[in-house]
Engineer: 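The following block contains the structure, expressed as structure tokens.
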Amino acid sequence: MSIAEVAEQPIRLGKSLVVAVDGPSGSGKSSVSKAVAQRLGLAFLDTGAMYRSVAWHCINAQINLEDAVAVEAAARTIKMEQSMVPETEFFKVNGVNVTDAIREPKISAAVSSVATTLGARAELVRRQQALIADHGHRIVVEGRDITTVVAPLAEARLILTASEEARLRRRGLQLGGTQTAEQLAEQVLERDAKDATVVDFQRAADGVYTVDSSDLDFEETINAVIAVVRRAVNAGQPA
Ligand SMILES: Nc1ncnc2c1ncn2[C@@H]1O[C@H](COP(=O)(O)OP(=O)(O)OP(=O)(O)O)[C@@H](O)[C@H]1O
Ligand SMILES: Nc1ccn([C@H]2C[C@H](O)[C@@H](COP(=O)(O)O)O2)c(=O)n1
């Protein structure tokens, strides 16, 4: 069945609908997942922003990012608030609005130190699972370990990927052409290599679909993801 034909099928909605999306940097996880959440009327959780928020706090509070005990303590103690509505975006750390600050290249360069601190990961996974429950298990969640660790029982699980060339080009455009090729490679490819030492987000686990957006535009990618959600949900429910 083609993507267009699958997209025409109704989604048989149960009570819970968790859509778990993982993939490498720049593949389009945040932007595409947000649009999918909007179209399906679901909440939206950007888990990378939580890792970024911890990194921002550590830098701001002059906590050594190589000190695993201190980074874990930061992850446990900071107050994090974030919009879970796909139409609005904000993130706060201890009441400070960090929506723009956590996207800066200096945070992208530092955030893997948080992502590779296992104690911090455990705390953020715990918080993410609580947020999913708070939103009635009707949510799109994107990150690196959502399909395998945070929500392995999600109704729909997929890896969103794209070629290195496409990911570097998209990230370059997203940052308004301000970054050199070396800086982009550091922020996208080197960060992925470091993050991949603690979590596998390049290969689909059993039962996880793959959407490769290398040759798809933004709208086509959204439709491809929604087609996968329909297929997964309808496959998991009695006819
Ligand atoms: N299929 C697509 N075609 C063209 N551009 C796309 C496509 N998908 C996403 N984009 C654009 O690519 C850029 C990167 O996307 P996004 O920030 O969602 O990636 P990401 O996977 O969440 O990255 P990271 O994990 O580093 O945060 C955005 O500007 C987004 O609009
Ligand atoms: N579930 C997650 C989400 C994110 N990370 C890491 C990977 C990145 O280095 C960092 C920021 O993520 P981004 O905003 O670029 O998607 O956080 C992770 O390990 N697990």
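Quick note: residue numbers are just sequence positions, from 1. Just follow the structure's listing: the first ligand is 1, and inside any ligand the first atom is 1.
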Engineer: Tell me the residues surrounding ligand 2, counting only those with a heavy atom closer than 4.0 angstrom, sorted by chain and number.
Structural biologist: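 Heavy-atom contacts below 4.0 Å: T47, G48, Y51, R52, R103, V111, S112, A115, R121, G143, R144, D145, I146, R191, D195.
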Engineer: Please work out whether any backbone atom (N, CA, C, O) or any side-chain heavy atom from C-beta onward of E219 is under 4.0 Å from ligand 1, and answer side chain, backbone, both or neither.
Structural biologist: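 The answer is neither.
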Engineer: If we ignore angles and hydrogens, is there a donor and acceptor under 3.5 Å between the side chains of S112 and R191?
Structural biologist: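 The criterion, which ignores hydrogens and geometry beyond distance, is not satisfied for R191 and S112.
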Engineer: In plain terms, say whether D145 and R121 are close enough for a salt bridge, that is, a side-chain N and a carboxylate O under 4.0 Å apart.
Structural biologist: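 Counted as a salt bridge, because a side-chain N and a carboxylate O are separated by less than 4.0 Å.
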Engineer: Quick check: does E142 get an N/O under 3.5 Å from an N/O on ligand 1?
Structural biologist: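 Between E142 and ligand 1, no N or O pair is found under 3.5 Å apart.
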Engineer: Mind listing the side-chain donor-acceptor pairs of residues 70-81 below 3.5 Å, one per line with the distance, residues two or more places apart or on another chain?
Structural biologist:
from, atom 1, to, atom 2, distance (Å)
E72, OE2, R76, NE, 3.1
E72, OE2, R76, NH2, 2.8
T77, OG1, A73, O, 2.7

Engineer: Which one holds for A166 and ligand 1: side chain close, backbone close, both close, or neither close, with close meaning a heavy atom under 4.0 Å?
Structural biologist: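 No part of A166 comes within reach of ligand 1.
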Engineer: Tell me the nearest of R52, R170, K29 to atom 2 (C) of ligand 1, using heavy-atom distances.
Structural biologist: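 That would be R170.
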Engineer: Is it true that the side chains of E155 and S16 contain a donor and an acceptor less than 3.5 Å apart?
Structural biologist: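 Yes.
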Engineer: Any nitrogen or oxygen of V32, main chain or side chain, under 3.5 Å from a nitrogen or oxygen of ligand 1?
Structural biologist: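 No, since none of the N or O atoms of V32 sits under 3.5 Å from an N or O of ligand 1.
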Engineer: Once rounded to the nearest 0.5 Å, what's the spacing between atom CG of D22 and atom CD1 of I146?
Structural biologist: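 Reported to 0.5 Å precision, the distance equals 5.5 Å.
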Engineer: Is there a heavy atom of G48 sitting under 4.0 angstrom from any atom of ligand 1?
Structural biologist: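 Outside the 4.0 Å threshold, so no.
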Engineer: What atoms of ligand 1 come within less than 4.0 Å of a heavy atom belonging to L216?
Structural biologist: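 Per the distance check, 1 (N), 2 (C), 3 (N).
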Engineer: Using a 4.0 Å heavy-atom threshold (strictly under), name the region of R191 that reaches ligand 1: side chain, backbone, both or neither.
Structural biologist: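 For R191, only side-chain atoms sit under 4.0 Å from ligand 1.
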Engineer: Which is it for T221 and ligand 1 at heavy atoms under 4.0 Å: side chain, backbone, both or neither?
Structural biologist: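 Just the side chain.
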